[in-house]
Every structure is written in C-alpha cells, then in structure tokens.
Amino acid sequence: MRQKTSLVTPDSIARQSATIASSILSSDRYKDASAISVYLSMPKGEVVTKAIASDALAKGKTVYVPFLRAGTKSGLTSKHMDMVSLHSQDDLERCEGNRDKWGIPSIDNSSSIGRKSLLASPETLLDIVLMPGLAFDLNCKRLGHGKGFYDGFLAEYAAARRDKSSKAMPYLSNPDHPQPALGALSDCDIVGMALVEQVLPQGENIPVDDNDWLLDALAVGDGSFVVREKQ
C-alpha cells in the first residue's frame, strides 16, 4: 500500500482532497460542530486537510491538531499523542513551516505551553475526529502507520472522559457505538480520510483487534461517504 500511495500524483491528491473537503464542509455534522480534531498532512500519499482546518478556524470552531509528547512505557522512553489547540490561521501557517522528520506540519515544542490539551482537559468534547491512515476497508476499519498514536490517543481520551463524566456531561459508553471493538466517544464522530487508492476492494477486510478503533464513517476521494452500520 505504501508503494501504491507513493505513486498517486500531486494533482490527483489535490483533486481528491478538494472533493473530500467539500463533502466534510457541507455536512450538517461539521456545520454544527464546535470542536474538531484534524491531522496535518504528510507531503504525499494522503488526503490534504489544510482547507478543512483553515475553514474551521475561520468559522470560530476550536481546532485541535496532533502533538507528540515524550513519556515512558514499560520503562522505555516513548512518545504518545495528545491533541492541542490551534490559535489562528497564522498559527496554522507556522505549523506548515515547522515540519517533523516525516515532513508533517507540527506544533513547535516551545509553543505547546498554554495551548488547550484534550488529555489535560478531557471535559472538552470533540464533535469530529478526522483521521488519516495507510489503508481502509468498506466496513470502516483502518490500518494506521504502525505507531498506534491515534488508537492510543482515543483510548486515553475516552478513559479520561469517563473519569471526568458526571450527570452534566454525556457518558462515553454507548451500546450502539462500541469502541475499540469496543468503549466509546458516543457524541463524537470518527471519520477516516481516504484517497481512492487507499480503500480496499469490496469483500477485502483489514484485520483489527481490541486496541483498534473503528471509524464511524469514511470520506473517500471519489466523493463517496461510507457510514458504518452500528450493531
């Protein structure tokens, strides 16, 4: 799949990204959203999200983007993903000029202090999470890039919200919205963003385990929008 996506031309990625942005921005779910999280795109091989992030900022929505924090796991130094807020259009442009080793626009470490953090303030409810991936299937399963950053973040965020939940806040456990395979962010839609080339043919499935979060929907570069059937 990496080789396949590496062959997608910049013009094709731009066209497909514009198609997906139009689908997202015209949806009632997006229009009604107060807070969204959106990944910032790699230089090639995935849907470009800058237009969505820019539109959300312009409309006064709170926009969160990935930020990797240092930590430890099993006694070893590791990183885990948080989501932190963008301040403005200028802030988004600064991220474009500060790219990590994968070429992904990123929040500068020195500017991370003072930003809203979803893991530090889990009472903030996301309405939409826009997720990248290496591959997707038509059952709304997702194959990531192997680091587990998004699945780990969603698990931490959901657990933190459960700890903070009260009668004044929506509960995260929802039998109609099992996650990973299977707790939930019941009022949050998790939407995958896929180039046509990243979607497996009908009948082919991505294997998942209990650590993998299912998507609620998949936006595809040909304009199609796949919604997962809730069990």
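Count residues from 1 along the sequence.
Between the Y30 side chain and the S23 main chain, no donor and acceptor come within less than 3.5 Å of each other. Formation of a donor-acceptor pair under 3.5 Å by the D127 side chain with backbone atoms of I36 is not found in this model. Between the side chain of Y157 and the backbone N or O of L126, at least one donor-acceptor pair lies under 3.5 Å. For S110 (side chain) and D108 (main-chain N/O), no donor-acceptor pair under 3.5 Å exists by modelled atom type. Listed for the S17 side chain is a donor-acceptor partner under 3.5 Å among the backbone atoms of I13. Side chain of Q16 to main chain of V47: no donor-acceptor pair is present (N/O by atom type, distance under 3.5 Å, no hydrogens or angles). Between the D216 side chain and the V191 main chain, no donor and acceptor come within less than 3.5 Å of each other. Under a 3.5 Å cut-off, the side chain of N98 and the backbone N or O of S106 do form a donor-acceptor pair. In this structure, the side chain of T19 engages the main chain of R15 through a donor-acceptor pair within 3.5 Å.
Between G133 and Q198 the shortest heavy-atom distance is O-NE2, 2.8 Å. Minimum heavy-atom separation, V226 to L138: CG1-O, 3.5 Å. In terms of heavy atoms, R69 sits closest to V84 at NH2-CG1, 3.6 Å. Looking at every heavy atom in both residues, V199 comes nearest to A194 through CG2-CB, 3.8 Å. Across all non-hydrogen atoms, the minimal contact from V48 to S41 is CA-OG, 3.1 Å. Nearest heavy atoms, T124 versus Y64: CG2-OH, 3.4 Å.
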Exercise. After noting the C-alpha distance and the side-chain angles of M131 and W213, does the key distance pass the side chain to side chain contact (heavy atoms under 4.5 Å, CB included) rule?
Worked result: CA-CA 11 Å; M131 289 181 66; W213 284 68; 5.7 Å; no
For this session: Could you give me the CA-CA distance, side-chain angles and deciding distance for L200 and F136, then say whether side chain to side chain contact (heavy atoms under 4.5 Å, CB included) is met?
Result: CA-CA 6 Å; L200 300 185; F136 304 85; over 6 Å; no
Exercise. For R142 and I190, what are the C-alpha separation, side-chain angles and deciding distance, and is it a side chain to side chain contact (heavy atoms under 4.5 Å, CB included)?
Worked result: CA-CA 11 Å; R142 166 187 171 272; I190 302 172; over 6 Å; no
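In this structure, E204 does not pair ionically with K141, as no charged nitrogen and carboxylate oxygen lie closer than 4.0 Å. D91 has a carboxylate O that lies under 4.0 Å from a charged side-chain N of R115, or vice versa, which qualifies the two as a salt bridge.
Side-chain contact annotation: D90 with S88, donor-acceptor N/O pair under 3.5 Å absent. Of the N and O atoms on the side chains of T5 and E46, not one donor lies less than 3.5 Å from an acceptor on the other residue. Side-chain polar atoms of T9 and D11 form no donor-acceptor pair below 3.5 angstrom.
For the atom pair SG of C188 and CZ of R29, the computed distance is 7.0 Å after rounding to the nearest 0.5 Å. Rounding to the nearest 0.5 Å places CD of E197 at 9.5 Å from CG of L7. Here the straight-line distance linking atom CG of D212 with atom CG of L143 works out to 8.5 Å at 0.5 Å rounding. Between S85 atom OG and I107 atom CD1 the span is 7.5 Å, to the nearest 0.5 Å. Within the model, atoms OG1 of T49 and CE of M42 stand 11.0 Å from one another, a figure rounded to the nearest 0.5 Å. Taken to the nearest 0.5 Å, the SG atom of C95 stands 5.5 Å off from the CG atom of L40.
Within a 6.0 Å sphere centred on NZ of K61, heavy atoms belonging to other residues, nucleotides or ligands number more than 12.
The side-chain heavy atoms of V129 and S37, taken from C-beta on, include a pair separated by under 4.5 Å. Side-chain atoms of N109 and F67, non-hydrogen and from C-beta on, do get closer than 4.5 Å to each other. Y150 has its side chain within reach of P132: a pair of non-hydrogen atoms, C-beta onward, lies under 4.5 Å apart.
L118 and I113 fall into different hydrophobic clusters, where Ile, Leu, Val, Met, Phe, Trp and Tyr side chains are chained together by heavy-atom contacts under 4.5 Å.
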